[in-house]
Amino acid sequence: MSLFQAILIGIMSCTAASTIACLGTTVGNYTLNRPLVASLIVGIIMGDVQGCILIGIPMQVMWIALVTPGGTVASDLRAVSYIGIPLAYVGAKAAGWDFGGADAQGLASTISAMTGVIGISLFYGTAMFNLIWQHYGWAQLDKGNIEVVGKVDTIMPLVSHFVLSFLPVTLLCYYGSTAVQEIFSVLNTDMWYVKALLAVGAVLPAVGIAILLKSVISKPTDLIYFVFGFAAAKSMGLTLLAATAVGAVFALINYQLTMMKAGGVATAAASDDDDEEDI
């Protein structure tokens, strides 16, 4: 990876940070921060869109249920997306693995778990750094300097992102990619400890699916819909877009049946009211 590529990835990490960046939380944290979206951007920078997307898929599945309620951050995907994807891509490429194969997918999941810890440090470090600007802003407001509000809210936090997002991500991508490339070019991937590491990583996406199911399933019978969806997609050979279209049709049918049922209950209740008035 060249220094220019590392700088571009570092800039993207600033725009995709969970803490407010130049593109805000909606575009940054909940869009550019997601591994599947970031893999497209990293792929354009690295010159291999397909390979990076294949690396980003298990990471997206692993963190598919991640939300950031309030100030509680389980993991900042900034590091997963903009450190984990480049390093996993370089490692898999150096090892000569198929990016869609089990070994590359296991490596991607393992690296995403490790870089997620880095993301937590970046998140809380940036938040603590921004307290300096808040303290400065309150001091200036006490002196009657109202113009400092705009600087404290928009300009000064960018310094925090430069120090605790741009620099770490750029340096880790530039120097880390070289280290990973050298390690995997000479590493004997048939050793038991390497196989064990990749096997553990291959299981991690299932954890993401389990967390998602725990979040959206309210009763055991809801699990039938998930099993049916996976079974239908596998047996029919559906692509992601085709599976989405089929799911949309079933969702529409379920919505219409629910509305018909609600309308029937309302009509029955109205009839009962009319009978009581006649009596």
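These figures come from a predicted structure and were not determined experimentally. If you read the sequence from its start, that first residue is 1, and numbering goes on from there.
Annotation: the span from Met46 atom CE to Cys173 atom SG amounts to 8.5 Å, rounded to 0.5 Å. Ile7 contributes atom CD1, which lies 10.0 Å from atom CG of Leu167 (distance to the nearest 0.5 angstrom). Expressed to the nearest 0.5 Å, how far CD1 of Ile41 lies from OG1 of Thr15 amounts to 7.0 Å. Interatomic distance, OG of Ser13 versus CG of Leu32, reported as 11.0 Å (0.5 Å rounding). Of the inter-residue distances, the one linking Asn33 atom CG with Met12 atom CE reads 10.0 Å to the nearest 0.5 angstrom. Annotation: the span from Ile118 atom CD1 to Leu172 atom CG amounts to 5.5 Å, rounded to 0.5 Å.
Both Ile111 and Tyr82 belong to a common hydrophobic cluster when Ile, Leu, Val, Met, Phe, Trp and Tyr are linked at side-chain heavy-atom distances under 4.5 angstrom. Connection of Phe166 to Leu87 is not established within any shared hydrophobic cluster, with ILVMFWY side chains joined at heavy-atom distances below 4.5 Å, either directly or through further cluster members. The hydrophobic clustering, which links ILVMFWY residues whose side-chain heavy atoms are closer than 4.5 Å, places Val42 and Leu171 apart. Leu122 and Val159 fall into different hydrophobic clusters, defined by Ile, Leu, Val, Met, Phe, Trp and Tyr side-chain heavy atoms under 4.5 Å apart, directly or through other members. One hydrophobic cluster, built from ILVMFWY side chains closer than 4.5 Å, holds both Val90 and Ile44.
A donor-acceptor distance shorter than 3.5 angstrom exists from the side chain of Gln105 to the backbone of Leu54, with no hydrogens or angles considered. Between the side chain of Ser165 and the backbone N or O of Phe162, no donor-acceptor pair lies under 3.5 Å. Under a 3.5 Å cut-off, the side chain of Trp97 and the backbone N or O of Asp103 do not form any donor-acceptor pair. The backbone N or O of Leu36 lies less than 3.5 Å from a partner atom in the side chain of Gln60, making a donor-acceptor pair. Remark: the backbone N or O of Arg78 is not paired with any side-chain donor or acceptor of Ser81 at under 3.5 angstrom.
For Ser112 against Met59, the heavy-atom pair with the smallest separation is CB-CG, 3.7 Å. Considering all non-hydrogen atoms of both residues, Thr31 and Val37 come closest at O-CB, 3.3 Å. Here the shortest heavy-atom pairing between Val163 and Pro168 reads O-CD, 3.3 Å.
Below 30°, between 30° and 60°, or above 60°: for Phe99 and Tyr89 the angle between ring planes is below 30°, a parallel geometry.
Between Ser39 and Ile55 the shortest side-chain heavy-atom distance does not fall below 4.5 Å. Using a 4.5 Å heavy-atom threshold, the side chains of Thr170 and Ile9 count as separate.
Checked by atom type, the side-chain pair Ser160/Thr126 shows no donor-acceptor distance below 3.5 Å.
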>> Please determine whether side chain to side chain contact (heavy atoms under 4.5 Å, CB included) holds for the pair Tyr174 and Gln5, giving the CA-CA distance in whole Å, both sets of side-chain angles, and the decisive distance to 0.1 Å.
In response: CA-CA 8 Å; Tyr174 181 64; Gln5 290 174 322; over 6 Å; no
> Do Gln134 and Val152 pass the side chain to side chain contact (heavy atoms under 4.5 Å, CB included) test, and can you show the C-alpha distance, the side-chain angles, and the key distance before you say yes or no?
Replying inline: CA-CA 7 Å; Gln134 296 296 323; Val152 169; 3.8 Å; yes
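Other residues, nucleotides and ligands place more than 12 heavy atoms under 6.0 Å from the CD atom of Gln256.
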